[in-house]
Amino acid sequence: MNRSTQVRVPRPRHYLMCRPTYFEVSYTINPWMDPTKPVDTRLAVLQWERLRSLHQQLGHRVELIDPLPGLPDMVYAANGATVVDGRVLGVRFRNAERAAEGPAYLEWFRARGYLGHDPVHVNEGEGDFLLTDTCLLAGQGFRSTPEGHAEAQEFLGRPVVGLELVDPRFYHLDTALTVLDGDEIMYYPEAFSPAARALLAELFPDAIRVSEADAQVFGLNAVSDGLHVVLPEAATGVMEKLRRRGFQPIGVDLSELLKGGGSAKCCTLEIRGR
Ligand code: ARG
């Protein structure tokens with residue numbers, strides 16, 4: 001198929017988000033986090049509100065989970081779970097600072113009647129699990145583990161493809177790779193081990209490859225509905241590549257949340273129903 005002339009069809013999504021009421025950078029668990037750098041929490045909330053209303057304007061349903069004091073990273077809702085066919089795989093964080101977020105997110109889903117699984121092994125939700133039509137791509141190396149991947153495959157019933165991340169700046173899979181639609185992806189090859197790179201090249205021969213400059217501004221931390229791709233406005237190279245493929249990139253400014261090492265995708269958990 002000729003990707004450039006392909007008609008893109010957006011599909012309405014169901015998202016879960018968490019307002020950054022208590023957002024701050026008070027510890028360092030990834031190279032972006034510098035507690036000595038000031039964070040403007042009010043601006044973080046404002047920028048996040050814009051992202052939320054953008055999702056809504058695009059026709060998506062956005063639900064909210066109450067933020068909890070003392071959990072500044074809870075705004076990164078993508079790390080709250082992985083939801084496939086209405087089944088909710090809870091999370092278990094690598095770092096103690098985020099441990100209490102796992103039960104909070106799982107409780108949100110259970111209270112709404114979802115079947116939830118409290119994981120035994122480390123997995124950081126959609127930060128490291130990205131669903132394509134054929135498989136669940138799974139990051140490892142910094143946060144989620146191969147044992148966590150196996151647990152996901154067992155519970156979610158989708159084949160898991162493990163991908164080794166090697167650059168600490170891109171510590172979660174969703175900082176290095178975006179699923180755009182079906183089995184179409186974009187990624188920054190150098191974030192992956194040689195074996196993972198070879199695997200991606202084989203599985204996704206027509207993927208968009210993104211430059212370091214675009215990856216560095218979190219250009220791959222993007223949310224796609226099949227037509228619109230919401231991503232950091234600084235990722236101009238990615239936007240150009242997306243336009244050529246018939247997607248509509250929409251740039252957002254999430255400067256404050258970037259200081260915690262996250263952007264648009266990190267703030268957006270997709271709830272996939274049955
Ligand atoms: N400070 C958070 C952490 O290091 C940022 C998480 C970003 N989320 C994501 N889905 N990549 O855990």
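Side chains included, hydrogens not; waters and symmetry mates left out as well; all remaining heavy atoms used. Just so we're clear, the structure is a prediction, and the values are computed from it rather than from any experiment. In listed order, ligands and their atoms are each counted from 1.
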**Q** For Ile29, counting its heavy atoms only, list the atoms of ligand 1 lying under 4.0 Å from any of them.
**A** 3 (C), 4 (O), 12 (O)
**Q** Just checking, is any N or O donor in the side chain of Tyr27 or Asp73 under 3.5 Å from an acceptor N or O on the other one?
**A** yes
**Q** If you count the atoms of ligand 1 from 1 in the order shown, which ones are under 4.0 Å from a heavy atom of Gly127?
**A** 10 (N)
**Q** Evaluate Asp174 for polar contact with ligand 1, using N/O atom pairs at a separation under 3.5 Å.
**A** yes
**Q** State whether Glu212 and Arg169 are salt-bridged, where the test is any N-O pair (Lys NZ or Arg NE/NH1/NH2 against Asp/Glu carboxylate O) under 4.0 Å.
**A** yes
**Q** List every atom of ligand 1 that sits less than 4.0 Å from any heavy atom of Gly261, numbering the atoms from 1 in the order shown and giving each element.
**A** 5 (C), 7 (C)
**Q** Answer with side chain, backbone, both or neither: which part of Arg98 has a heavy atom less than 4.0 angstrom from an atom of ligand 1?
**A** side chain
**Q** As a test of understanding, state which of Val166, Leu199, Leu165 forms a side chain to side chain contact (heavy atoms under 4.5 Å, CB included) with Ser193.
**A** Val166
**Q** Between Lys241 (side chain only) and Arg209 (backbone N and O only), is there a donor and an acceptor less than 3.5 Å apart?
**A** yes
**Q** I'd like to check which ligand 1 atoms, numbered from 1 as shown, lie under 4.0 Å from a non-hydrogen atom of Met33.
**A** 1 (N)
**Q** With the threshold set at 4.0 Å, does a side-chain nitrogen-carboxylate oxygen contact exist between Arg50 and Asp253?
**A** no
**Q** Any non-hydrogen atom of Tyr171 lying under 4.0 Å from ligand 1?
**A** yes
**Q** Suppose we measure from atom 9 (C) of ligand 1 to each protein heavy atom; which comes out shortest, and what is that distance?
**A** Cys266 SG, 2.7 Å
**Q** Check each of Tyr171, Phe218, Tyr76 against Trp32 using the ring pair (Phe, Tyr, Trp, His ring centres under 6.0 Å) test, and report the only one that passes.
**A** Phe218
**Q** With heavy atoms under 4.0 Å as the rule, classify the contact between Lys265 and ligand 1 as side chain, backbone, both or neither.
**A** neither
**Q** Kindly state whether the ring of Tyr114 and the ring of Phe109 have centres lying under 6.0 angstrom apart.
**A** yes
**Q** Provide, to 0.1 Å, the distance between atom 2 (C) of ligand 1 and the closest protein heavy atom, together with that atom's residue and name.
**A** Asp73 OD2, 3.3 Å
**Q** What protein heavy atom is closest to atom 4 (O) of ligand 1, reported as residue, atom name and distance in Å?
**A** Asn30 ND2, 2.7 Å
**Q** Do the side chains of Glu184 and Arg8 get close enough for a salt bridge, i.e. N-O under 4.0 angstrom?
**A** yes
**Q** Tell me the contacting part of Phe93 for ligand 1: side chain, backbone, both, or neither, using a 4.0 Å heavy-atom threshold, strictly below.
**A** neither
**Q** Answer yes or no: is there an ion pair linking Arg52 with Glu49, defined by an N-O contact shorter than 4.0 Å?
**A** yes
**Q** So is there a nitrogen or oxygen of Tyr76 less than 3.5 Å from a nitrogen or oxygen in ligand 1?
**A** no
**Q** Indicate, as side chain, backbone, both or neither, the part of Asn95 found under 4.0 angstrom from ligand 1 when only non-hydrogen atoms are considered.
**A** neither
**Q** Output yes when the distance from some N or O of ligand 1 to some N or O of Gly260 is under 3.5 Å, and no in every other case.
**A** yes
**Q** Quiz question: by atom type and distance under 3.5 Å, do the side chains of Ser144 and Asp128 form a donor-acceptor pair?
**A** yes
**Q** Determine whether any heavy atom of Arg143 lies closer than 4.0 Å to an atom of ligand 1.
**A** yes
